[in-house]
K.L.:
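This is the structure I have questions about; it appears just below.
Here the structure is a predicted model, which means the values were calculated and not measured.
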Amino acid sequence: MITMLATVVQAWGSQVLVTDNANGQEILVLTNNSTSNLVAGDQVRIVHNGVMTASIPPQLNAQSICVLRVY
């Protein structure tokens with residue numbers, strides 16, 4: 001499993017568009033769960049299997065998406 005730290009750009013349905021914090025690349029993340037709790041600017045940790053499409057933007061399937069809250 002691969003872990004990616006990213007910033008949410010937009011979320012809808014069971015998809016979220018993020019910017020990878022490591023390289024600035026936008027990626028469309030697909031999940032089996034609702035992303036209604038995510039808002040633009042949220043910092044998230046995404047766990048995935050490392051398989052990413054060659055489309056623009058690239059797409060991957062998330063095993064989990066965890067919001068990183070700062071208190």
K.L.:
Do the side chains of V9 and M52 join up, straight or via other hydrophobic residues, at under 4.5 Å, putting them in one cluster?
P.N.:
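V9 and M52: separate clusters.
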
K.L.:
Decide whether L5 and V44 are clustered together by the hydrophobic rule: side chain heavy atoms of Ile, Leu, Val, Met, Phe, Trp, Tyr closer than 4.5 Å, transitively.
P.N.:
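Looking at the clustering, V44 is in a separate group from L5.
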
K.L.:
Say whether, by atom type as modelled, one donor and one acceptor occur between the side chain of S14 and the main chain of S34 under 3.5 angstrom.
P.N.:
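No, because the side chain of S14 does not come within donor-acceptor range (under 3.5 Å) of the backbone of S34.
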
K.L.:
Rounded to the nearest 0.5 Å, what's the gap from OG1 on T31 to CD on Q63? Could you check?
P.N.:
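Going from OG1 on T31 over to CD on Q63, the span is 9.0 Å.
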
K.L.:
State the CG-CG distance between L17 and L38, to the nearest 0.5 angstrom.
P.N.:
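Interatomic distance, L17 CG to L38 CG, rounded to 0.5 Å: 12.0 Å.
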
K.L.:
Applying the side-chain contact (heavy atoms from CB on, under 4.5 Å) test to L60, which of V29, V18, L28, L30 qualifies?
P.N.:
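Answer to the side-chain contact (heavy atoms from CB on, under 4.5 Å) test with L60 among V29, V18, L28, L30: V29.
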
K.L.:
Can you name the closest pair of heavy atoms from G50 and H48 and give their distance?
P.N.:
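Smallest interatomic distance, heavy atoms only, reads N-ND1, 3.0 Å.
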
K.L.:
Can you find a heavy atom in the side chain of N21 that is under 4.5 Å from one in the side chain of T7?
P.N.:
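Heavy-atom side-chain distance check passes, below 4.5 Å.
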
K.L.:
Hey, are the side chains of I27 and P58 touching, using non-hydrogen atoms and a 4.5 Å cut-off?
P.N.:
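With C-beta onward as the side chain, the pair touches.
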
K.L.:
What I'd like to find out is whether the side chain of T3 reaches to under 4.5 Å of the side chain of R45, using heavy atoms alone.
P.N.:
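Heavy-atom side-chain distance check passes, below 4.5 Å.
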
K.L.:
Hey, are the side chains of Q25 and T19 touching, using non-hydrogen atoms and a 4.5 Å cut-off?
P.N.:
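Not in contact.
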
K.L.:
Which pair of heavy atoms, one from R69 and one from D42, lies closest together, and at what distance?
P.N.:
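Where R69 meets D42 most closely, the heavy atoms are NH1-OD1, 3.4 Å.
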
K.L.:
Verify the cluster assignment for V67 and M4: are they in a single hydrophobic cluster under the rule of side-chain heavy atoms below 4.5 Å apart?
P.N.:
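Yes, same cluster.
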
K.L.:
When rounded to the nearest 0.5 angstrom, what is the spacing between CG in N61 and CG in N49?
P.N.:
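Those atoms lie 7.0 Å apart.
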
K.L.:
Can you establish whether the number of heavy atoms outside N32 located under 6.0 Å from its atom CG is more than 12?
P.N.:
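12 or below, so no.
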
K.L.:
Can you tell me if CG on L68 sees more than 12 non-hydrogen neighbours from other groups inside 6.0 Å?
P.N.:
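Yes, because the 6.0 Å sphere around CG of L68 holds more than 12 heavy atoms from other groups.
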
